[in-house]
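The residues of the chain are indexed from 1 along the displayed sequence.
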Amino acid sequence: SSDVCSSDLCERNAMSGSVLRSLLCLLALCGVTALQVRPDSSRVAPRPVLRATTLVAAAAAAAEDEGKAGLSASTANLVKSIVGSGVLSLPVGVAAFSSARTAILPALTLLAVAGAISGYCFSAVGRVCAATGSKSWGEAWSKSVGESTAWVPSALIGILTLSVSLQYTMVIGDSFSSIFSAWGLPSLIASRSGAIVCLTALGTLPLSLLPSLSALGFTSLLGVGGLLYTAAFMVARVRAYKPGTALHTAVPAALRPRFDSALAFSPKVFVLVSILASAFLCHFVAPNFYNELAPGEGAAADAGPRKMKRFSLLTVSSFALSAVLTGVVMTAGFLTFGGASDGYILNNYAPTDRLAQLARVAIGSQIVFTYPFLHLGLRESTTALLKAVTGEAPPRVPTSVGIIALVTALALRVTNLGLIAAVTGALVSTSIGYILPSLMLGQTLARRVADGDNSSGTRLELLAARAITALGVALAGIGVYAAV
């Protein structure tokens, strides 16, 4: 019997590896096609592509009139876009390659590098929108890279929303199962599966079926407040889980702090790199932020360059603030639990820790109320895909119920949030955050060179864009291999 199980496991691993390799080959082929420099005639109006609604913060940004958003408000909204509950899986990324406390130093270095590259690629999307006069990601891709691969960004964003929906449902189960258990509820409800089914049936499903999500606009502030409290709580608890303390004893043995004395690296460092790609992922809202940003005071003739300068300032400040908050959560979580860090770090904290319970309520509630915005993007992508295939758009309610039922079924079977975040980060987030923006910028710069711009600055940046594209493809492959 064990031989049969082992054989089945090998077959499943081989099949999953084959699928992942096929996806990587598809990305590589799309990249090769995209690298062909097309003449200006390709800049005609693009064909309609699948509409991909951005995640939660995009809803907040869309409330501003185009060209009227202030720098301060845009910075706050962009930080909300970047920093989400996904940062709670970063400690396990550090633990994947080392259990030594000193591992946090190279981890913070990687975080800074990932943040810088992600910020540059976010800015690149805005620059392409400015150069091509585009209002959306799909339009910018079609005008810079070409219409033949215009389906790639929308498809990847659809896959991303499905993956993040799964991660959100998993976090709901992990958070509320502990909360319900502490409240003394029956084990049928207090179990992870029970919490997922209960919160889906009574929370995320009804909210996702609302005809309008305008009543949920407050969730943006709720999310930021919950993350700020969680970060502060984790810092306060760094020394509270030492051996011999009551909190240490209350933690299950497998989740108790574990540290090695010597720093030792392993290829699993790419698990952290992949999760970092997801931690800074917000590039699909770059066109929104660029087009809605006010150019500032000055002559109308200088509005374009002035707006681009403000957009660069917005990018630098927002990614810097996000990196600080992300670094605090990663550092506090890892220095508390080390090699025992769970894929959802709040699982490590004792059920009797009241501050941890409050953090679980804050994060869990934020996810329940923001889930409908995420579901909206997934439903619209699914509807557009089904309409393209069948010629008819499916009804809204059955589509939502079917999608949520599928996501719930997957969440009941999958328990490793860190693995899901790492694989998604390696394959999808790396593509959206690194590969696609650098491809768009590279093609825009290549066309400029072909038109006679031979300045060293343009050629050097073209080389840098191509290098980031190659780096993204390499990180996608290595990250998936390290994760699985």
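Across all non-hydrogen atoms, the minimal contact from Asn347 to Asp342 is ND2-OD2, 2.9 Å. Across all non-hydrogen atoms, the minimal contact from Pro153 to Leu436 is CA-CD1, 3.9 Å.
Two residues are said to be in side-chain contact when any heavy atoms from C-beta on lie closer than 4.5 Å; Pro372 and Thr204 fail this criterion. Taking the side chain as every heavy atom from C-beta outward, Cys282 and Leu78 approach each other to under 4.5 Å. Tyr290 has its side chain out of reach of Arg127: every pair of non-hydrogen atoms, C-beta onward, lies at least 4.5 Å apart. Side-chain contact check for Ser177 versus Ser191: every heavy-atom pair is 4.5 Å or farther apart. With contacts defined as side-chain heavy-atom distances shorter than 4.5 Å, the pair Ser136/Phe284 does not qualify. By the 4.5 Å heavy-atom criterion applied to side chains, Leu228 and Leu325 are counted as neighbours.
Taking Ser134 as the reference, Thr132 meet the side chain to side chain donor-acceptor pair (under 3.5 Å) condition, with sequence neighbours excluded. Applying the side chain to side chain contact (heavy atoms under 4.5 Å, CB included) rule to Leu188 yields no partners; only residues at least two apart in sequence or on another chain are considered. Taking Val251 as the reference, Tyr241, Leu255, Arg256, Ala350 meet the side chain to side chain contact (heavy atoms under 4.5 Å, CB included) condition, with sequence neighbours excluded.
Annotation: the span from Ile403 atom CD1 to Thr408 atom OG1 amounts to 11.5 Å, rounded to 0.5 Å. For the atom pair CG (Leu71) and OG (Ser317), the distance works out to 6.0 Å, reported to the nearest 0.5 Å. The structure places CZ of Phe319 at 7.5 Å from CZ of Phe280, a figure rounded to the nearest 0.5 Å. Thr169 contributes atom OG1, which lies 10.0 Å from atom CG of Leu199 (distance to the nearest 0.5 angstrom). In this structure, the separation between CG on Leu276 and OG1 on Thr326 is 8.5 Å, given to the nearest 0.5 Å. Note that OG of Ser365 is 4.5 Å distant from CZ of Phe176, once rounded to the nearest 0.5 Å.
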Sequence neighbours excluded and cut-off under 3.5 Å, please list the side-chain donor-acceptor pairs for residues 108-123, or say none.
residue : atom : partner : partner atom : Å
Thr109  : OG1  : Leu105  : O            : 3.1
Ser118  : OG   : Ala114  : O            : 2.9
Tyr120  : OH   : Glu461  : OE2          : 2.8

In residues 229-237, what donor-acceptor pairs under 3.5 Å come from side-chain atoms, sequence neighbours left out?
residue : atom : partner : partner atom : Å
Tyr229  : OH   : Leu355  : O            : 2.9
Thr230  : OG1  : Gly226  : O            : 2.8
Arg237  : NE   : Asp353  : OD1          : 3.3
Arg237  : NE   : Asp353  : OD2          : 2.9
Arg237  : NH2  : Asp353  : OD1          : 2.9

Donor-acceptor contacts under 3.5 Å from residues 331-340 side chains, at least two apart:
residue : atom : partner : partner atom : Å
Thr331  : OG1  : Gly327  : O            : 2.7
Thr336  : OG1  : Ala332  : O            : 2.6

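In this structure a side-chain-to-backbone donor-acceptor pair under 3.5 Å is present from Ser144 to Ala140. Of the possible polar contacts, none joining the Gln443 side chain to the Leu439 backbone as a donor-acceptor pair under 3.5 Å is found.
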Steps toward side-chain hydrogen bond (donor to acceptor under 3.5 Å, both in side chains) verdict (Ser400, Arg379): CA-CA 6 Å; Ser400 288; Arg379 186 182 69 213; 3.1 Å; yes
Test side chain to side chain contact (heavy atoms under 4.5 Å, CB included) applied to Val197 and Ile189, step by step: CA-CA 8 Å; Val197 172; Ile189 298 177; over 6 Å; no
Evaluation steps, side chain to side chain contact (heavy atoms under 4.5 Å, CB included), between Ile404 and Thr200: CA-CA 8 Å; Ile404 293 178; Thr200 298; 3.6 Å; yes
Steps toward side chain to side chain contact (heavy atoms under 4.5 Å, CB included) verdict (Leu346, Ile363): CA-CA 10 Å; Leu346 293 183; Ile363 297 298; 4.1 Å; yes
Check against side-chain hydrogen bond (donor to acceptor under 3.5 Å, both in side chains), Trp141 and Thr149: CA-CA 8 Å; Trp141 177 273; Thr149 55; 3.1 Å; yes
Verdict with reasoning, Cys198 to Leu202, per side chain to side chain contact (heavy atoms under 4.5 Å, CB included): CA-CA 6 Å; Cys198 181; Leu202 301 178; 3.9 Å; yes
Stepwise side-chain hydrogen bond (donor to acceptor under 3.5 Å, both in side chains) test for Gln357 and Arg360: CA-CA 5 Å; Gln357 290 291 58; Arg360 293 185 182 105; 2.7 Å; yes
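Between Phe180 and Trp183, the ring planes lie tilted relative to each other; the angle falls in the 30° to 60° range.
Exactly one residue among Leu156, Leu166, Leu378, Thr382 makes a side chain to side chain contact (heavy atoms under 4.5 Å, CB included) with Thr161. That residue is Leu378.
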